[in-house]
Amino acid sequence: QVQLVESGGGSVEAGGSLRLSCVASDRTFRMYAMGWFRQTPGNEREFVAAISWSGSSTHYADSAKGRFTITRDNAENTVWLQMNSLKPEDTAVYFCARGWYDTSASKYDVWGQGTQVTVSS
């Protein structure tokens with residue numbers, strides 16, 4: 001079973017930037033779309049961004065548009081989420097996931113363990 005490992009989370013001040021990484025354990029990575037979701041305590045996972053298997057198509061939640069960028073490198077089995085102009089409301093645990101090019105968490109079948117992002121005002 002493929003594994004996804006996220007890294008790059010941390011604590012930043014509002015207006016700062018973070019770059020999250022997600023590395024897949026095998027080469028089936030290149031066959032699937034990848035997504036980033038986030039979750040805060042007591043809430044469901046919220047879609048942030050998705051990228052098609054080839055990287056040619058991307059889609060963002062309204063909250064992420066203009067500030068976040070999702071990219072991937074199939075040769076490195078890696079997907080990134082560049083987050084700029086961070087706001088306190090971006091504070092959450094961020095998860096990468098493998099699946100179909102969709103905004104619904106139910107369309108993704110493999111999930112990473114999550115990485116905490118904390119943005120202070």
Side-chain angles (χ1 to χ4, degrees):
Q1 173 77 336
V2 65
Q3 292 184 322
L4 302 176
V5 179
E6 300 104 333
S7 61
S11 297
V12 296
E13 294 186 350
S17 298
L18 284 173
R19 190 190 196 203
L20 306 184
S21 299
C22 171
V23 180
S25 61
D26 70 28
R27 296 168 69 86
T28 60
F29 171 84
R30 63 192 62 193
M31 299 169 60
Y32 293 89
M34 296 296 294
W36 284 97
F37 290 76
R38 65 188 184 187
Q39 189 172 25
T40 53
N43 294 306
E44 294 185 353
R45 289 185 185 181
E46 173 191 22
F47 170 77
V48 176
I51 188 166
S52 62
W53 68 272
S54 66
S56 62
S57 297
T58 58
H59 185 68
Y60 298 92
D62 287 344
S63 59
K65 286 179 182 176
R67 300 188 301 125
F68 295 2
T69 304
I70 186 171
T71 56
R72 68 187 296 163
D73 185 331
N74 288 340
E76 296 188 11
N77 293 346
T78 303
V79 61
W80 294 274
L81 183 68
Q82 177 67 45
M83 304 187 295
N84 299 327
S85 302
L86 283 162
K87 305 174 182 180
E89 51 264 44
D90 294 319
T91 295
V93 177
Y94 284 71
F95 299 87
C96 69
R98 184 197 79 170
W100 302 109
Y101 186 63
D102 201 278
T103 61
S104 172
S106 67
K107 301 299 185 182
Y108 295 80
D109 64 344
V110 179
W111 292 80
Q113 82 287 353
T115 185
Q116 176 70 47
V117 171
T118 303
V119 184
S120 59
S121 58

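In this chain, numbering begins with 1 at the start of the sequence shown.
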Check: Do D90 and K87 sit within salt-bridge range, that is, some charged N less than 4.0 Å from a carboxylate O?
Finding: no

Margin query: So, using salt bridge (Lys or Arg N to Asp or Glu O under 4.0 Å) as the criterion, who are the partners of R98 when residues are at least two apart?
Written below: D109

Checklist line | Step-by-step side chain to side chain contact (heavy atoms under 4.5 Å, CB included) determination, Y108 to F37 | finding: CA-CA 10 Å; Y108 295 80; F37 290 76; 3.6 Å; yes

Item checked: Polar side-chain atom of T91 near backbone of T118 as donor-acceptor pair, under 3.5 Å -> no

Note to self: If you define the side chain from C-beta out and look only at heavy atoms, does anything of S11 sit under 4.5 Å from Q116?
What the structure shows: no

Checklist line | Nearest heavy atoms of R27 and R30, plus distance in Å | finding: O-CG, 3.2 Å

Item checked: V117 vs L20 side-chain heavy atoms within contact, under 4.5 Å -> yes

Margin query: Do V12 and W36 sit in one hydrophobic cluster, given that two such residues count as connected whenever their side-chain heavy atoms are within less than 4.5 Å of each other, even indirectly?
Written below: yes

Check: Residues two or more places apart in sequence or in another chain: which of them pass ring-ring contact (aromatic ring centres under 6.0 Å, His included) with Y94?
Finding: none

Next item on the list: Take N74 and E76 through the side-chain hydrogen bond (donor to acceptor under 3.5 Å, both in side chains) test and state the conclusion after the steps.
Entry: CA-CA 5 Å; N74 288 340; E76 296 188 11; over 6 Å; no

Next item on the list: List the steps and the verdict of side chain to side chain contact (heavy atoms under 4.5 Å, CB included) for Q82 and T71.
Entry: CA-CA 8 Å; Q82 177 67 45; T71 56; over 6 Å; no

Checklist line | Side chain to side chain, D73 and W80, heavy atoms closer than 4.5 Å | finding: yes

Notebook entry, point to check: Quick one: does R38's side chain get under 4.5 Å of F95's, heavy atoms only?
Noted result: no

Notebook entry, point to check: Roughly how far apart are M83 CE and T69 OG1, rounded to 0.5 Å?
Noted result: 11.0 Å

Note to self: Quick check on Q3: does its CD atom have over 12 non-hydrogen neighbours (other residues, nucleotides or ligands) under 6.0 Å away?
What the structure shows: no

Notebook entry, point to check: Is any side-chain heavy atom of F47 closer than 4.5 Å to a side-chain heavy atom of S104?
Noted result: no

Check: Under the 6.0 Å and 45° cation-pi test, does R72 pair with W53?
Finding: no

Notebook entry, point to check: Do R67 and Y60 meet the cation-pi criteria used here (NZ or CZ under 6.0 Å from the six-membered ring centre, within 45° of the axis)?
Noted result: no

Margin query: Quick check: closest heavy atoms across P88 and S121, and the distance to 0.1 Å?
Written below: CG-CB, 3.8 Å

Note to self: Nearest 0.5 angstrom please: S25 OG to L4 CG, how far?
What the structure shows: 7.0 Å

Notebook entry, point to check: How long is the gap from CG on D26 to CE on M31, to the nearest 0.5 Å?
Noted result: 9.5 Å

Checklist line | Shortest non-hydrogen contact between A24 and F29, atoms and distance | finding: CB-CD1, 3.6 Å

Item checked: Stepwise side chain to side chain contact (heavy atoms under 4.5 Å, CB included) check, V79 with I51 -> CA-CA 9 Å; V79 61; I51 188 166; 4.1 Å; yes

Margin query: Would you compute the distance between atom OG of S52 and atom CD1 of I70 and round it to the nearest 0.5 angstrom?
Written below: 9.5 Å

Next item on the list: State the CD-SG distance between E6 and C22, to the nearest 0.5 angstrom.
Entry: 5.0 Å

Note to self: Could you measure the distance from the CH2 atom of W100 to the CE atom of M34? Nearest 0.5 Å is fine.
What the structure shows: 13.5 Å

Next item on the list: List the steps and the verdict of side chain to side chain contact (heavy atoms under 4.5 Å, CB included) for R19 and L81.
Entry: CA-CA 6 Å; R19 190 190 196 203; L81 183 68; over 6 Å; no

